[in-house]
Protein chains: 2
Amino acid sequence: MKATLPERVKGVCCPPSIMVPPAKVDASVEVLKALADPTRLQMVAVLKRSTRPVCICDFTAAFELSQPTISHHMAKLRDAGLVEVTKVGIWAYYRLAGHLEPKTRALLDVLV
Amino acid sequence: MKATLPERVKGVCCPPSIMVPPAKVDASVEVLKALADPTRLQMVAVLKRSTRPVCICDFTAAFELSQPTISHHMAKLRDAGLVEVTKVGIWAYYRLAGHLEPKTRALLDVLV
DNA sequence: CCATTCCATCGACAACCATCAATTCGTTGA
DNA sequence: TCAACGAATTGATGGTTGTCGATGGAATGG
């Protein structure tokens, strides 16, 4: 393995490596942060598996969390553009966003 | 769209939806949290693009962050099992982990 | 043996985040 | 008109996290 390591000289640090454009990184991080929570990832997984929009009251019943907390998590997914809502009467039905970027769609395909 | 929405009865909430095993979710969340930071995602991107292990001093030079902070971020990637380190003299060379789970590998292929 | 260099760890601090109780808003139905 | 229900918002709180300065440890070179 040592042969594959670059030569080094003390005090000579360092040629910056090839970087990804910060905008691209930030965009990915926004989605990753939205998904980096057990409750929200589970929500997305359920929505992805469901053929029909899911009433948020189902999530409130399924998780052992308060109703405001569930609403808060769903709002995060909404802000990240991952889900969309349709309100019918007193109920709110959520589904995966229809206009997901291909990269985001691929991400969900791998994850859930 | 209304036709695709399930019928609802007041006060009847709710049949729990089909859930993903919590262990699976937690495992994914651990990786997602490790990647849900601009600095760390950039690091992973650089490591994925590089054919040779990268000295951590290159990252210290590339980012406008202190050396302890860079070391801290790399430790997070290490704890998540995403990267491995080889120490040669006073230098530490990092690379993507060789034994990444297929799911994690696919995740990185989509992301970076 | 000592100074230098690189890296990791520790301690501290501010910012952020997940959570809940309480409240508010919109809708329904009596 | 008003009570009941679902959902979102607000305010507060404890825990987590990103960041830095200071310190410590290991290897190198004089």
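All chains are named by letter (A, B, ...) in the order of the sequence lines, taking the proteins before the strands, and each is independently numbered beginning at 1.
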For this session: Pick base, sugar-phosphate or nothing for B:Ile70, based on heavy-atom distances below 4.0 Å to the nucleic acid.
Result: nothing
Problem set entry | Value in whole Å for how far the C1' atom of D:dG18 lies from CZ of B:Phe63 | 14 Å
Problem set entry | Separation of atom CZ in A:Arg8 from atom C1' in C:dT5, rounded to whole Å | 13 Å
Exercise. To the nearest angstrom, how far is B:Phe59 atom CZ from C:dA8 atom P?
Worked result: 12 Å
Exercise. How long is the line joining CG of B:Leu77 and P of C:dA8, in whole Å?
Worked result: 12 Å
Exercise. Does B:Lys33 come within less than 4.0 Å of B:Asp26, counting only side-chain N to carboxylate O?
Worked result: no
Exercise. With no hydrogens and no angle check, do the side chains of A:Arg78 and A:Tyr94 hold a donor and an acceptor under 3.5 Å apart?
Worked result: yes
For this session: Check whether any side-chain heavy atom of B:Leu35 lies under 4.5 Å from a side-chain heavy atom of B:Arg40, and answer yes or no.
Result: no
Exercise. Which letters describe nucleotides 17-24 of chain C, given B = protein heavy atom under 4.0 Å from base, S = only from sugar-phosphate, - = neither?
Worked result: -SBBBB--
Exercise. How would you label the contact of A:Tyr94 with the nucleic acid (heavy atoms, under 4.0 Å): base, sugar-phosphate, or nothing?
Worked result: sugar-phosphate
Exercise. Rounded to the Å, how far apart are B:Leu35 CG and D:dG18 C1'?
Worked result: 16 Å
Exercise. For A:Ile56 and D:dC5, what is the distance between atoms CD1 and P respectively, to the nearest whole Å?
Worked result: 19 Å
Exercise. Looking at B:Asp109 and B:Lys48, does any basic side-chain N land under 4.0 Å from a carboxylate oxygen?
Worked result: yes
Exercise. Side-chain contact, heavy-atom cut-off 4.5 Å: A:Leu111 with B:Leu32?
Worked result: yes
Problem set entry | Atom-pair distance (CD1 on B:Ile90; P on D:dG30), nearest Å | 13 Å
Exercise. How close or far is atom P of C:dA8 from atom OH of B:Tyr93, stated in whole angstroms?
Worked result: 13 Å
Exercise. Does the side chain of A:Val83 come within less than 4.5 Å of A:Arg95's, by heavy atoms?
Worked result: no
Exercise. Within the modelled atom types, does a donor on one side and an acceptor on the other bring the side chain of A:Lys10 and the base of D:dT28 under 3.5 Å apart?
Worked result: yes
Exercise. Can you find a heavy atom in the side chain of A:Phe63 that is under 4.5 Å from one in the side chain of B:Met19?
Worked result: yes
